[in-house]
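Report on one structure; see the data block that follows.
Order of appearance sets the numbers: ligands from 1, and atoms from 1 within every ligand.
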Amino acid sequence: MPQTSLPPSLHDALVQILGPSGVLTNPADTEAFCVDWRALYHGHCAAVLRPANTEECAKAVALCHAHNVPMVPQGGNTSMVGGATPDSSGRAVVISTTRMNQIHTIDHADLTMTVDAGVTLKAAQDAASAQGLLLPLSISSEGSADIGGILATNAGGNNTVRYGNARELALGLQAVLPDGNVLNLMRKLRKDNTGYALRQLLVGSEGTLGIITQAVIQLQPAPRSRETALCAVESPQAALNLFAAFRKQDPSAIHAFEFMSGTSMALVNGLIDGATLPLEAPAPAYVLVELASPRADDSLRSLMEDVLGSALEDGLVTDAVLAESESQRQSLWMIREEHAEAQKRAGASVKNDVSVPLAAIPEFIEAATKACEALIPGIRVAPFGHIGDGNIHFNLVQPEGADPAAFLAQDHAMMDTVAEIVRKLGGSFSAEHGVGQLKTYMMPSWRGGAELQAMRRIKAALDPQDLMNPGKVLPPAQA
Ligand code: FAD
Ligand code: MLT
Ligand code: ZN
């Protein structure tokens, strides 16, 4: 392990600003901040800094900047791409937002929430719900992921199909820039054409341009009726046809439309306590569909029954179960939400968080499955995800009994095989998880030329010393 420590004068100055509990240096305390959720990356840091508000954060960043110390912003540490993990040099400090955790206001006239970056998504959802409102972003990691993290990654998730990504929810933002200056964009305006949209630059920048400390998030009226169903389907094409059937009736009613392959579902049922398939028999694939409306009438039930009734008659759906209570609804969602955890328990896996145009999904899944099975015999191809957004988590799980390290040593071969098919179909190599450190090597071939050059210029303008989350998103300049 590298011997790392802050210069004593910097350490003391940081303790002055953040208090003793705001500066962690004991390896036993800092270790968890240096490993990602998937345990793919094991970094080191000189300290973990825990500011309690924007002012403390700005002062700490200014000091680190003056001492040329790299900084790694971290929220709930649920990144799927190693975005919040420091490198192995031990030079960086992790700046954790977890102590910035106040919900300031919920505004019923504007339908907004003003909130600190370190409030978990779940806590923010619960606060909205307690006031009859909805924070319309839902991801399986919401108990840990926080507002700063979801904005920094422009998270998507289960409700993107209806409400858009995190980007669409952020009306206002406050951020500490790499030199410690505070960018205050905490406006609540739906219309504001006054120069460059700096808040949108911060959203999705994965901690490379500054530390988000507060946000104004758009809310919605809470649904008063919901209908949720799990459907067995024969193929991805059938799942898409079902999506089209719902969309034709009422696109605004579709709150979630999630796809699960037979392989990924079998992993959940085999590895997660309490998960059972509530259908007659296993199927090649499944869809979890949720309809929701702020109206408290029974029109959603008839919409669900009409569409599913016809789909069952036509053979588009081969079996289906409708939630008859909130607890049944939660059991159906648990099956979907445990997909990432089940795949983690199944051994090493390679995640391809890709998007393609909707119509190309069946061709993509078929071609990528064939190519990966040819590359690694016995590989378990376990796709699932947000099919209504064209976003498939084309995840590859190691063959049973294989050596995890040997499997992971081939990660680029697997990622590149999948990515080339995605490229031919006009898709993206990272739909919602971002680039982090895992996928920087793909940037030159996917976002090269003027696009990457513009990104580098923006980065150099805001962070000329390359101190804010170095090594993430942008590959080294010679690449
Ligand atoms: P972290 O992991 O702490 O950080 C993520 C990135 O943002 C890093 O680059 C970090 O430096 C930066 N960052 C964090 N906080 C700040 C801040 N305040 N200011 C500036 N930069 C910051 N993602 C989806 O989009 N959709 C999903 O459905 C989804 N499901 C998931 C399910 C599981 C089980 C897990 C483990 C992850 C999932 N993710 C999903 C990926 C992950 O990106 C999200 O959980 C979330 O957006 C990350 O939030 P976080 O607070 O954990 O951020
Ligand atoms: C999810 O939607 O559950 C996560 O984004 C996916 C993953 O584990 O790849
Ligand atoms: Zn996802």
Side-chain angles (χ1 to χ4, degrees), residues 33 36-39 41 51 54 57 61 71-86 92 94-98 100 116-122 137-160 165-167 173-178 202-215 256 258-260 264 267-268 333 336-344 349-355 382-387 389 391-397 430-438 468-473:
F33 295 85
D36 66 309
W37 187 81
R38 299 171 65 196
Y41 297 100
T54 305
C57 185
V61 169
M71 295 163 266
V72 179
Q74 189 179 100
N77 199 14
T78 64
S79 171
M80 290 288 196
V81 288
T85 310
V94 170
I95 302 190
S96 164
T97 55
T98 50
M100 295 191 256
D116 283 352
V119 172
T120 65
L121 178 54
K122 177 81 171 71
L137 195 135
S138 167
I139 52 181
S140 311
S141 52
E142 61 204 19
S144 307
D146 68 22
I147 295 294
I150 62 152
L151 291 174
T153 56
N154 186 26
N158 306 329
N159 299 145
T160 302
N165 297 300
R167 184 183 299 291
L173 203 93
Q174 189 177 61
V176 175
L177 295 174
L202 266 295
V203 174
S205 64
E206 300 185 48
T208 60
L209 299 180
I211 304 180
I212 297 165
T213 52
Q214 283 193 0
E258 297 285 307
F259 173 81
M260 292 156 280
S264 66
L267 290 175
V268 173
W333 269 110
R336 164 62 184 91
E337 285 175 346
E338 291 293 344
H339 268 56
E341 180 61 31
Q343 295 190 354
K344 196 172 171 184
S349 62
V350 167
K351 289 184 186 289
N352 299 283
D353 163 39
V354 304
S355 58
F384 67 99
H386 319 289
I387 195 169
D389 309 321
N391 176 193
I392 298 293
H393 298 304
F394 193 81
N395 293 353
L396 303 167
V397 184
S430 185
E432 58 174 17
H433 295 164
V435 178
Q437 55 183 304
L438 179 66
M468 199 50 86
N469 218 2
K472 314 292 165 49
V473 181

Residue pair S349, Q343: steps toward the side-chain hydrogen bond (donor to acceptor under 3.5 Å, both in side chains) verdict: CA-CA 7 Å; S349 62; Q343 295 190 354; 5.2 Å; no
Per-atom contacts of ligand 2 with K351, taking only distances under 4.0 Å to non-hydrogen atoms: 7 (C), 8 (O), 9 (O)
N/O/S atom name from E432 that is nearest to the position of the Zn ion (ligand 3): OE2
D146 N/O to ligand 1 N/O under 3.5 Å: yes
Any N/O pair H393/ligand 1 closer than 3.5 Å: no
Close approach, K472 and ligand 1, non-hydrogen under 4.0 angstrom: no
Ligand 1-proximal atoms of I150, by part, heavy-atom distance under 4.0 Å: both
Ligand 2-proximal atoms of E341, by part, heavy-atom distance under 4.0 Å: neither
F384 and H393 aromatic ring geometry - parallel, tilted or perpendicular at 30°/60° bounds: tilted
Subset of ligand 1 atoms that lie under 4.0 Å from at least one heavy atom of I212: 17 (C), 18 (N), 19 (N), 20 (C)
Contact atoms of ligand 2, heavy-atom distance to H393 under 4.0 Å: 1 (C), 2 (O), 4 (C), 5 (O), 6 (C), 9 (O)
M80 neighbourhood, listing ligand 2 atoms whose heavy-atom distance to it stays under 4.0 Å: 7 (C), 8 (O)
Nearest-option assignment for atom 35 (C) of ligand 1, heavy atoms, candidates M100, M80, E337: M80
Shortest non-hydrogen contact between V81 and E206, atoms and distance: CG2-OE1, 4.3 Å
E432 touching ligand 2 at heavy-atom level, < 4.0 angstrom: yes
Element-labelled atoms of ligand 1 that are located less than 4.0 Å from some non-hydrogen atom of T97: 18 (N)
Heavy-atom closest contact (V72 atom, A92 atom, distance): CG2-CB, 4.1 Å
Proximal ligand 2 atoms for H433, defined as those under 4.0 Å from one of its heavy atoms: 4 (C), 5 (O), 6 (C), 7 (C), 9 (O)
Nearest heavy-atom neighbours spanning D36 and N77: CA-OD1, 4.2 Å
Protein contact to atom 2 (O) of ligand 2 [nearest heavy atom, distance to 0.1 Å]: R336 NH2, 2.8 Å
For H386, atoms of ligand 2 separated by under 4.0 Å from a heavy atom: 2 (O)
Any G156 heavy atom less than 4.0 Å to ligand 1: yes
Separation between CD1 of I212 and SG of C57, rounded to the nearest 0.5 Å: 11.0 Å
Non-hydrogen atom of H339 closer than 4.0 Å to ligand 2: no
Close-contact set for ligand 2 against A340 heavy atoms, below 4.0 Å: 8 (O)
Polar atom proximity, N154 to ligand 1 (N or O, under 3.5 Å): no
Any N395 heavy atom less than 4.0 Å to ligand 2: yes
From the candidates S96, G118, S141, the one that places a heavy atom nearest atom 31 (C) of ligand 1: S141
Non-hydrogen atom of G210 closer than 4.0 Å to ligand 1: yes
N/O/S atom of H433 inside 2.8 Å of the Zn ion (ligand 3), strictly under: no
Any S140 heavy atom less than 4.0 Å from ligand 2: yes
Over all atoms of both residues, closest heavy-atom pair of R167 and G204: NH2-CA, 4.4 Å
Heavy-atom nearest neighbour of atom 43 (O) of ligand 1 within options D353, V176, T153: T153
Protein contact to atom 48 (C) of ligand 1 [nearest heavy atom, distance to 0.1 Å]: T78 OG1, 3.2 Å
Ligand 1 contacted by V72 (non-hydrogen, < 4.0 Å): no
A145 and ligand 1 - part of the residue with a heavy-atom distance under 4.0 Å: both
Option whose closest heavy atom lies nearest to atom 23 (N) of ligand 1, chosen from H433, K344, E341, E338: H433
